[in-house]
Number of protein chains: 2
Amino acid sequence: MNGPNGTNGRGSPTINDVARIAEVSKKTVSRVINKSPLLSEKTRKHVEGVIREIGYVPNLQARALALRRNFIVAAIHDNPNAQFLVKVQQGILSAIKDSEFGLMVQPVDRHSPTIVDDIRAFLERQRPYGVVLLPPISENDDIARLCEEHGCRFVRMGSVKLDSDDRAVASNDREAVRKAVTYLIDRGHTRIGLIEGPQGFTSPRERRAGFEEAMAAAGLSVDEELVSSGTYTFESGVSAGQQLIDLPNPPTAIFASNDEMAIGAMIAARRHGLLIPEDLSIIGFDDTPLSSHVWPALTTVHWPIVDMAHLAASKLVAPAGEEPDPRWLLPSELIERASVVAPKS
Amino acid sequence: MNGPNGTNGRGSPTINDVARIAEVSKKTVSRVINKSPLLSEKTRKHVEGVIREIGYVPNLQARALALRRNFIVAAIHDNPNAQFLVKVQQGILSAIKDSEFGLMVQPVDRHSPTIVDDIRAFLERQRPYGVVLLPPISENDDIARLCEEHGCRFVRMGSVKLDSDDRAVASNDREAVRKAVTYLIDRGHTRIGLIEGPQGFTSPRERRAGFEEAMAAAGLSVDEELVSSGTYTFESGVSAGQQLIDLPNPPTAIFASNDEMAIGAMIAARRHGLLIPEDLSIIGFDDTPLSSHVWPALTTVHWPIVDMAHLAASKLVAPAGEEPDPRWLLPSELIERASVVAPKS
DNA sequence: TTGTATGCGTTATCAA
DNA sequence: TTGATAACGCATACAA
């Protein structure tokens, strides 16, 4: 009837096996597992020995039932960008590595009227321990409130600080873009085009603000004619770039609010017979692998998305006793590559 | 004491609430949830009405404990390619949408000696209902066996059929490459270079076999000088391309075993002052978004990875009663874009 | 066709 | 500092 090591013989050993063999109660074993402070050192050592000996691993499903919370960290997003998603996943995974947590991915449709209900259904079903809300839906306060109502921890990622210290992780897009555009100005560019991101979200707004601040600091005015906008996709970058290049007096440099659009603009320029960077300098934003795989390699702003995701997840799963990492702002930096030179004349 | 709708007042309603209100036993409610056939239509309707009325949602954690299996489908991979991963996730998610399953992502390190133990630990912890094994670790029989031992359903994705009908989903890379290379031959190319993928895996081997078959069918011999190899990364494509271009008698066309390497080869060619496609035609494999974002747009083989992942997940979560989709082979096709023309002379 | 008793493996309550 | 016993919410065996 009994299995190896005196366990119950079916499947993996349970807390009962440990308790029986260690000759203590289940609750005591439970206390050892949960690192309860009120336990004699002797008992703890003894029980830990038995646990190691019979290879006991606590059953997460049972714990989940009792605790009303699963050992899952979920990334909720409405962002289809592959590089972005994988970097976020990488960051979260590195934070929960060696823990008992698993990463669940839950995309939602930003345009769906049932988005909040969809997320509610997800939270009710899987009962994740915590969720990382990715931009841009991280900006949605209804969703944050929903998490709170469900007693689900959450951290909101954004280009600005979207919540309290323990619930937010941010980059400083405005400052990063200011530096990038100043870099163009320092090289002699004065007619600088801007390819904006989609309206209504924080990151495009911040990036535009950074652009305007840099121009203003240099005493340059922002010519609305030199501002065109896209949707963060490659195709939209092509048409936005097209529009700027077709101008009677086109820009000598362009800052695009993300790499995909920057690369779209590069294609548009090349179709027009323009050489990059000789005829047109371009700076992007994100530092996706893509940006170093194009010709010429794209000068861009490194967006610390992996670190942000790591920090977000580490805030979620910080052990009860320990203070979570207090940081919430992570630095961006300009990556100089080959798509910027001084203007021709 | 009682909450709204006569529920127990704390938290969401449970099976007990439904049973009490419907004046049936828990087991009957359980039968309704699990669509048991032995139930009178009348009782079923009645109970379903109560369920709807009080908004009862079965607790997955409790079911997981009782069933010894969580409502999770996991994607286990050791593939760092972002486009690939996101497409796979997209396919799986579309298959489990509207079900109670969630998608968990578990990367592993192919080079780690503890890879099997790592996966075992994951399976023991999260107890996923089923796992999709992505290439190339899907080729590892130890891992498949491990899943079986744990009573965990699995489907192996590959460039060839790796398991029985219900445990495999495949593309036919060999045939797809044969068509692509034949396409080059039909346009007049005879000196055709091959950039292979990394040794030791099935997909590079199959793709090479397709290359050889096409050449043989046209009466052309494979010149080993024109075969160079990479690791499926952009950088390796650059150097592999470089090597072919530096040849005294370089190829007029190149087939690269994936898009990233193809684009790397494009960059290498451009650095050499070669025009694409005029001086060098290139065909890739995968049809990543990338391939249409480069200039000129890359002619490539569409690898039906989204559909494969969808099919894999649908096999895993097929309801007990229903027959799962019997298909396992999904077609690839050549996507003609702008990187191929006839050789100069 | 329906119900009763019991099990799943853990945590919480409260007493010792 | 420890333990007995009751949740947690659902499924299964076995009756009825």
Side-chain angles (χ1 to χ4, degrees), chain A residues 3 7-47 50-51 54-71 100 124-127 129 151 320, chain B residues 3 7-47 50-51 54-71 100 124-127 129 151 320:
Chain A
T7 57
N8 59 18
R10 351 155 256 200
S12 34
T14 75
I15 198 170
N16 289 307
D17 299 317
V18 179
R20 185 165 36 74
I21 295 169
E23 295 181 311
V24 295
S25 73
K26 288 161 62 168
K27 183 60 200 174
T28 299
V29 180
S30 176
R31 288 198 179 94
V32 173
I33 297 169
N34 294 295
K35 305 191 197 308
S36 161
L38 13 73
L39 251 180
S40 76
E41 198 54 31
K42 188 180 147 219
T43 318
R44 179 192 308 283
K45 289 287 178 216
H46 174 56
V47 173
V50 174
I51 287 177
I54 70 174
Y56 164 68
V57 179
N59 179 306
L60 287 195
Q61 283 65 50
R63 300 187 75 185
L65 178 58
L67 292 170
R68 302 151 173 287
R69 209 130 285 294
N70 229 329
F71 288 81
E100 27 195 3
E124 283 179 355
R125 275 183 158 64
Q126 298 290 347
R127 298 194 191 233
Y129 185 85
Chain B
T7 57
N8 60 19
R10 355 154 253 202
S12 33
T14 75
I15 198 171
N16 290 307
D17 299 318
V18 179
R20 186 166 35 74
I21 295 170
E23 296 182 309
V24 296
S25 74
K26 286 163 62 171
K27 181 60 202 173
T28 300
V29 180
S30 176
R31 288 198 178 94
V32 173
I33 297 168
N34 294 295
K35 306 191 196 309
S36 159
L38 15 73
L39 253 180
S40 76
E41 199 54 30
K42 190 181 146 212
T43 320
R44 178 191 308 282
K45 289 288 179 213
H46 173 55
V47 174
V50 174
I51 287 177
I54 69 176
Y56 165 69
V57 180
N59 180 307
L60 287 194
Q61 283 67 49
R63 300 186 74 185
L65 179 58
L67 291 170
R68 302 152 170 286
R69 210 128 287 291
N70 230 327
F71 288 82
E100 26 196 3
E124 283 179 356
R125 276 185 158 63
Q126 298 290 345
R127 298 193 191 235
Y129 185 85

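In this model, the phosphate group of dG9(D) is approached by a side-chain N or O of Arg68(A) to a distance below 4.0 Å at OP1 or OP2. Contact check, Ser40(A) against dT2(D): a side-chain N or O comes under 4.0 Å of OP1 or OP2. For Thr43(A) and dT2(D), the shortest distance from a side-chain N or O to OP1 or OP2 is below 4.0 Å. Between dG3(C) and Thr28(B), a contact under 4.0 Å exists linking OP1 or OP2 to a side-chain N or O. Residue Thr14(B) places no side-chain N or O under 4.0 Å from the OP1 or OP2 atom of dG9(D).
When the nearest nucleotides of DNA chain C are assigned to Arg127(B) and Pro37(B) by heavy-atom distance, the more 5′-ward of the two goes with Pro37(B).
With dG9(C), dA11(D), dT11(C) as the candidates, the nucleotide lying closest to the side chain of Ile33(A) is dT11(C). The side chain of Tyr56(B) lies closest to dC10(D), out of dA4(D), dG3(C), dC10(D).
Across all strands, Val29(B) comes closer than 4.0 Å to no nucleic acid atom at all (heavy-atom distances). Leu65(B) comes within contact range of at least one nucleobase, with a heavy-atom separation under 4.0 Å. Nucleic acid contact for Ile15(A): base, since at least one base atom lies under 4.0 Å from a heavy atom of the residue.
With hydrogens and angles disregarded, a donor-acceptor distance shorter than 3.5 Å links the side chain of Gln126(A) to the backbone of Glu100(B). Checked by atom type and distance alone, the side chain of Gln61(B) never pairs as donor or acceptor with a backbone atom of Arg63(A) at under 3.5 Å.
Among residues two or more places apart in sequence or in another chain, the side chain to side chain donor-acceptor pair (under 3.5 Å) test is passed with Arg31(A) by none. By the side chain to side chain donor-acceptor pair (under 3.5 Å) test, Asn16(A) pairs with no residue at all, sequence neighbours left out. In this structure Thr43(A) satisfies the side chain to side chain contact (heavy atoms under 4.5 Å, CB included) test together with Val24(A), Thr28(A), Leu39(A), Ser40(A), Val47(A), sequence neighbours excluded. Looking at residues two or more places apart in sequence or on another chain, you find a side chain to side chain contact (heavy atoms under 4.5 Å, CB included) between Ala19(B) and Lys26(B), Val29(B). Applying the ring pair (Phe, Tyr, Trp, His ring centres under 6.0 Å) test to Phe71(B) and every residue at least two apart in sequence or in another chain returns Phe101(B). By the side chain to side chain contact (heavy atoms under 4.5 Å, CB included) test, Glu23(A) pairs with no residue at all, sequence neighbours left out. Remark: Ser36(A) engages no residue in a side chain to side chain donor-acceptor pair (under 3.5 Å) (not counting sequence neighbours).
Rounded to 10°, the angle separating the first-five-pair axis and the last-five-pair axis of the helix from dT1(C)-dA16(D) to dA16(C)-dT1(D) equals 30°.
Rounded to a whole Å, the CD atom of Glu41(A) is 13 Å from the C1' atom of dT1(D). Distance, Asn16(A) CG to dG7(C) P: 11 Å, rounded to whole Å. Computed from coordinates, the Phe71(B) CZ to dC10(D) C1' distance equals 10 Å when rounded to whole Å. Following rounding to the nearest Å, Ile51(B) (CD1) and dC10(D) (P) show an atom-to-atom distance of 10 Å. The nearest whole Å value for the distance from the CZ atom in Arg69(A) to the P atom in dG9(D) is 13 Å. Atoms CG (Leu38(A)) and P (dG3(D)) sit 13 Å apart, rounded to a whole Å. One can place CG of Leu60(A) at 11 Å from C1' of dG9(C), the figure rounded to the nearest angstrom. dT1(D) atom C1' lies 15 Å from atom NE2 of His46(A), rounded to whole Å.
Nearest approach of Ile54(A) to Pro13(A), heavy atoms of both residues: O-CG, 3.5 Å.
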Could you list, one pair per line, each protein nitrogen or oxygen that sits under 3.5 Å from a nitrogen or oxygen of nucleotides 12-15 of chain C, together with the distance?
residue : atom : partner  : partner atom : Å
dA12(C) : N7   : Lys27(A) : NZ           : 3.1

